[in-house]
Student: 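Mind looking over this structure? Questions follow.
Order of listing sets the numbers, starting from 1, for every ligand and every atom in it. Count residues from 1 along the sequence.
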Amino acid sequence: MAGRGKVLITRPMTKAVEARAREIFDVEIRQSTAVMSEAEMIASLSAYDVVVPTLGDAYGAAVFAAVPEPRCKLLANFGVGYNHLDVAAAAKAGIAVTNTPGAVTDATADIALTLMLMSARRAGEGERLVRSGDWQGWHPTQMLGLHMTGKRLGILGLGRIGDAIARRAHFGFGMEIAYVARSDKATDYPARRAESLLAMAAEVDMLVVAVPGGAETRHLVNAEVLAAMRPHAHLINIARGEVVEEEALIAALQLGQIAGAGLDVYEFEPQVPEALRALDNVTLLPHLGTATEEVRSLMGHMALDNVLACLEGRALPNPV
Ligand code: NAP
């Protein structure tokens, strides 16, 4: 048995990942699907050599401060987004942080395309109509949406996922790609770096959010950006809820400032405001970005590879 350290995995995992973890570690797999309480997080830093946390497990400065001499050496996050972890406070406490980049890219881009098409073609609204039993039949002007092929797509954050979205949109739908990032990107498809988010928002038919969450990106998409968008345009967010000012988005949708939105993530997840749920021009998914057996197993194995490296004293494969 490798790595005789004690490991806590904070949620049930796929069968394959749980089986491997049990085979190679002295592991406890928490059975609850709820986020960790502060007391649980504090206790975990004293009781385990490595913790595998995930979305919503808010290891903040107060948690690290409560355990001056932690036994824990690594938080091997399950997921690429780690804005729920205070990485600087962890480092100060001598705790490394890793994540699972790459494993999530294609699945999350697929969900972006799902939302783009659903929002453009009013698929959620149409499905509700059929289920209601009120559908009166096809006619030439029934539920007209936005023709996505050939339109302009603006991507906020052309990283791994943003690039995978751009490739799908360019090669599959002949879309023109513009992006906002902190640096120029070399792509094998035409993509123009926009002068600013505001300028890009004003000229695209679809705006997709693909930047990480955190203080730097909080509310990047605010009332001003939404007001700059064209009335037929759609906003898609597959990144983190806090990047979009939810209240401003609700107002923009209510006022018809934009035609629709497709969301996989929410500012105060899992709370989704009643005002948002009441709107017909928004497609709402329950954070499905990486939700396939194959991808969740890939993510889990990647997290376990980091745990193993830590316990064996090797370089961490995916430090953040
Ligand atoms: P990534 O490869 O690190 O890409 C992030 C991109 O955002 C980069 O292009 C980066 O630009 C840009 N960026 C960062 N901060 C910025 C800022 N302040 N202004 C403008 N651009 C900025 O990350 P990824 O793997 O694509 O993942 C992106 C995020 O998606 C994750 O952090 C996670 O929160 C989210 N996600 C969601 C799901 C889901 O289930 N819905 C699944 C997976 C991931 P530079 O390269 O120039 O720095």
Student: Within this structure, what is the CD-CE distance for the pair Glu125 and Met118, rounded to the nearest 0.5 Å?
Tutor: 11.0 Å
Student: Among Gly157, Gly241, Gly79, Gly102, which one puts a heavy atom closest to atom 12 (C) of ligand 1?
Tutor: Gly157
Student: Taking the side chain as C-beta and beyond, is there a heavy-atom pair between Arg240 and Val243 under 4.5 Å?
Tutor: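 They are in side-chain contact.
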Student: What I want to find out is whether Arg128 reaches Asp134 closely enough, with some N-O distance under 4.0 Å, to be called a salt bridge.
Tutor: no
Student: With sequence neighbours excluded, tell me which residues meet salt bridge (Lys or Arg N to Asp or Glu O under 4.0 Å) with Glu245.
Tutor: none
Student: Any salt bridge between Glu203 and Arg192, counting N to O under 4.0 Å?
Tutor: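 Here Glu203 pairs with Arg192 in a salt bridge, since their nearest N and O are under 4.0 Å apart.
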Student: Around atom 44 (C) of ligand 1, find the nearest protein heavy atom and jot down its residue, atom name and distance.
Tutor: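 Of the protein heavy atoms, Val80 CG1, 3.2 Å lies nearest.
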Student: Could you say whether the N/O atoms of Arg182 and ligand 1 ever approach to under 3.5 Å?
Tutor: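 Yes.
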Student: Tell me, which protein residue and heavy-atom name are nearest atom 3 (O) of ligand 1, and how many Å apart are they?
Tutor: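 Going by distance alone, atom 3 (O) of ligand 1 is nearest to Arg160 NH2, 3.6 Å.
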Student: Starting from atom 39 (C) of ligand 1, what is the nearest protein heavy atom, named by residue and atom, and what distance separates them?
Tutor: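 For atom 39 (C) of ligand 1, the nearest protein heavy atom is His287 NE2, 3.3 Å.
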Student: Taking non-hydrogen atoms only, is Ala210 closer than 4.0 angstrom to ligand 1 via side chain, backbone, both or neither?
Tutor: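 Under 4.0 Å from ligand 1, Ala210 contributes backbone atoms alone.
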Student: Can you pull out every side-chain hydrogen bond (donor to acceptor under 3.5 Å, both in side chains) where at least one residue sits in residues 139-149? Sequence neighbours excluded, please.
Tutor: His139-Thr141
Student: At what distance is the nearest protein heavy atom to atom 46 (O) of ligand 1, and which residue and atom is it?
Tutor: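 Minimum-distance protein heavy atom for atom 46 (O) of ligand 1 reads Lys185 NZ, 2.4 Å.
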Student: For the 3.5 Å polar cut-off, considering only N or O atoms, please tell me whether Gly213 and ligand 1 meet it.
Tutor: no
Student: So which protein heavy atom does atom 22 (C) of ligand 1 come closest to, and at what separation?
Tutor: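 It is Val211 CG1, 3.5 Å.
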Student: Using heavy-atom distances, let me know which of Arg193, Glu242, Met299, Arg240 sits nearest atom 34 (O) of ligand 1.
Tutor: Arg240
